[in-house]
Protein chains: 2
Amino acid sequence: MNYLQEIIKIDKSSKEISCKKGEILQYAGTITSLAYYVKKGLLRSYSIDGKGKEHVFIFASEGWIMADIESQEFNTPTELFIECLENSELIVFDRKCLVEAKLSDEQRKDEIRLMSRRIAVLQRRVLLLMSSSAKERYNSFLATYPDLPNRVPQHMIASYLGITPQALSTIRREMVGKN
Amino acid sequence: MNYLQEIIKIDKSSKEISCKKGEILQYAGTITSLAYYVKKGLLRSYSIDGKGKEHVFIFASEGWIMADIESQEFNTPTELFIECLENSELIVFDRKCLVEAKLSDEQRKDEIRLMSRRIAVLQRRVLLLMSSSAKERYNSFLATYPDLPNRVPQHMIASYLGITPQALSTIRREMVGKN
DNA sequence: CAATGGCATTCATCTAGATTAATTAATCCC
DNA sequence: GGGATTAATTAATCTAGATGAATGCCATTG
């Protein structure tokens, strides 16, 4: 939180906004360096592939920052949409501003810690996608994000896992049977 | 390079080492905060899953840093092995040392830039794993790392792509036919 | 309250890629 | 150089999960 307060001080353009369920905060194809800290509520980012299929990249609930670092780093148009899944309270700030600012060592360390965490999450995700069955990935999802199943429609969870809603439905049926 | 020179100055335990093809630099199950800058040569990191199957997580050739940020961030034992694929010249340093050190804003920015790049790579990888066929992933691999196919055995590329060596062989045959 | 439209479920079929196994081609090493 | 080990290819089968289509379920909105 501390870190965020600093950001707000530094980035004069940063501000608190509230947004409604269903709003799209970012469209693929645009160039932006905005990031969204989730104070309350829930966001998701997703891409749409060549066949028009959606793929959920990440969910961001309270305390997480949603930012398309990939496009910002390479300065290319975003592949990601960002959508508001619940009425939310957000703090928007400009990552470019952050990069250019002069920060203390402590502040930079906080930034690095956040990035490390993100890398860690992505590393797990890659290894999971490569080595586990759909059922294993679903169980791992439940263990890692126990509150999300109640807040996110099932077909988005399926998309996050890289499977179809039908496949997830089948997995759930089988799991119920085993309890 | 600049960034690295600084690291070497700061981390008194850092040193240049050379290692031979086939050497294992890190074993899964250990706790370590070492990172390896590749001056010359090639490394790979990989995990071994419950069924004894290897999964290549990442290759690191000249100019890249190999580090298991996931385990270092959460301070848990590594899931990753790091293996030397060619006789290599490396600079080993301790990330913990780096975290604790007092660095200039410029130095921290360099660090953040490196991490951003890593996140970008992982983001692409996740989206690719979720949305593309094996053939598409292979083509993307060829485009992104054009030098690696000549330096890395095919079964490791297959493993990186998340498919079997047989499947990769078939894909290659089909591609030759189409040229 | 009906009616509409999105969501989850079920089932029948299909397919990309896994698995198994055998064959050939490279590498290694004494 | 020749025997042994590892890598790549091919082909025959199998399977997890995709696709397509039908059905029931709320939850909205008029």
Side-chain angles (χ1 to χ4, degrees), chain A residues 20-24 42 44 46 48-56 59 83-87 128-142 148-179, chain B residues 20-24 42 44 46 48-56 59 83-87 128-142 148-179:
Chain A
K20 295 231 161 126
K21 182 174 171 173
E23 268 185 57
I24 307 284
L42 184 60
R44 70 157 173 157
Y46 63 96
I48 297 186
D49 70 20
K51 286 154 218 139
K53 251 204 201 167
E54 271 183 36
H55 303 276
V56 173
F59 298 106
E83 181 189 355
C84 191
L85 296 183
E86 297 173 355
N87 296 338
L128 214 57
L129 280 170
M130 294 204 305
S131 66
S132 304
S133 69
K135 185 185 283 190
E136 286 167 331
R137 273 177 277 147
Y138 180 54
N139 279 317
S140 158
F141 175 82
L142 292 179
L148 287 190
N150 306 312
R151 300 169 69 181
V152 175
Q154 223 161 278
H155 70 272
M156 289 187 192
I157 295 176
S159 169
Y160 177 89
L161 296 173
I163 59 176
T164 58
Q166 292 92 319
L168 180 53
S169 175
T170 308
I171 286 166
R172 281 163 49 84
R173 193 199 332 160
E174 283 166 7
M175 280 171 58
V176 170
K178 276 186 186 147
N179 293 347
Chain B
K20 296 230 161 126
K21 183 175 173 172
E23 267 184 59
I24 307 283
L42 184 61
R44 70 157 173 156
Y46 62 97
I48 297 186
D49 70 18
K51 288 154 216 139
K53 252 203 197 167
E54 271 182 37
H55 303 276
V56 172
F59 298 106
E83 181 188 353
C84 190
L85 296 182
E86 297 174 354
N87 295 338
L128 214 58
L129 280 170
M130 292 205 304
S131 67
S132 306
S133 69
K135 186 186 281 189
E136 287 166 330
R137 274 177 276 149
Y138 180 53
N139 279 318
S140 157
F141 175 82
L142 291 179
L148 287 191
N150 307 311
R151 298 169 69 181
V152 175
Q154 222 160 279
H155 70 273
M156 287 187 193
I157 295 176
S159 169
Y160 177 89
L161 296 173
I163 58 175
T164 58
Q166 292 92 322
L168 180 52
S169 176
T170 307
I171 287 166
R172 282 162 50 82
R173 193 198 332 157
E174 282 164 9
M175 282 172 58
V176 170
K178 275 186 190 149
N179 292 346

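Numbers restart at 1 for each chain; the letters A, B, ... are given by sequence-line order, proteins then strands. Owing to the predicted nature of the structure, the values given are computational and were not obtained by experimental measurement.
- Between the CG atom of A/Leu129 and the P atom of D/dG17 there is a distance of 12 Å, rounded to whole Å.
- Among the protein residues, A/Pro165 comes within range of no part of the nucleic acid, since none of its heavy atoms lies under 4.0 Å from any strand.
- Atom-to-atom, CE of A/Met156 to C1' of C/dG6 comes out at 11 Å; the value is rounded to the nearest Å.
- A 4.5 Å side-chain heavy-atom check between A/Val56 and A/Val152 finds every atom pair outside the cut-off.
- When all heavy atoms are compared, the tightest approach of B/Arg151 to B/Pro153 is O-CD, 4.1 Å.
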Go along nucleotides 13-30 of chain C 5' to 3' and tag each nucleotide: B for a protein heavy atom under 4.0 Å from its base, S when only backbone or sugar atoms are that close, - otherwise.
----SSBBB------S--
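- Here A/Phe141 contributes atom CZ and A/Ile157 contributes atom CD1; the two are 4.5 Å apart, rounded to the nearest 0.5 Å.
- Pairs passing the side-chain hydrogen bond (donor to acceptor under 3.5 Å, both in side chains) check and including a residue from residues 159-169 of chain A, sequence neighbours excluded, do not occur.
- Across the helix from C/dC1-D/dG30 to C/dC30-D/dG1, the helix axis at one end is tilted relative to the axis at the other end by 50° (nearest 10 degrees, each axis from five pairs).
- Side-chain atoms of A/Met175 and A/Leu142, non-hydrogen and from C-beta on, do get closer than 4.5 Å to each other.
- Rounded to a whole Å, the CG atom of A/Leu168 is 14 Å from the C1' atom of D/dA18.
- Between A/His155 atom NE2 and D/dA18 atom C1' there is a gap of 17 Å when expressed in whole angstrom units.
- Residues B/Asn87 and B/Lys20 share a closest heavy-atom pair of OD1-CA, 3.3 Å.
- With A/Arg137 contributing its side chain and A/Leu129 its backbone, the two residues share no donor-acceptor pair below 3.5 Å.
- Counting to the nearest Å, the C1' atom of D/dA18 and the NE2 atom of A/His55 are 12 Å from each other.
- Taking 4.0 angstrom as the limit, A/Arg173 places none of its side-chain polar atoms (N or O) nearer than this to OP1 or OP2 of C/dT9.
- When every heavy atom of A/Pro165 is checked against every heavy atom of A/His155, the shortest pair comes out as CG-CB, 3.7 Å.
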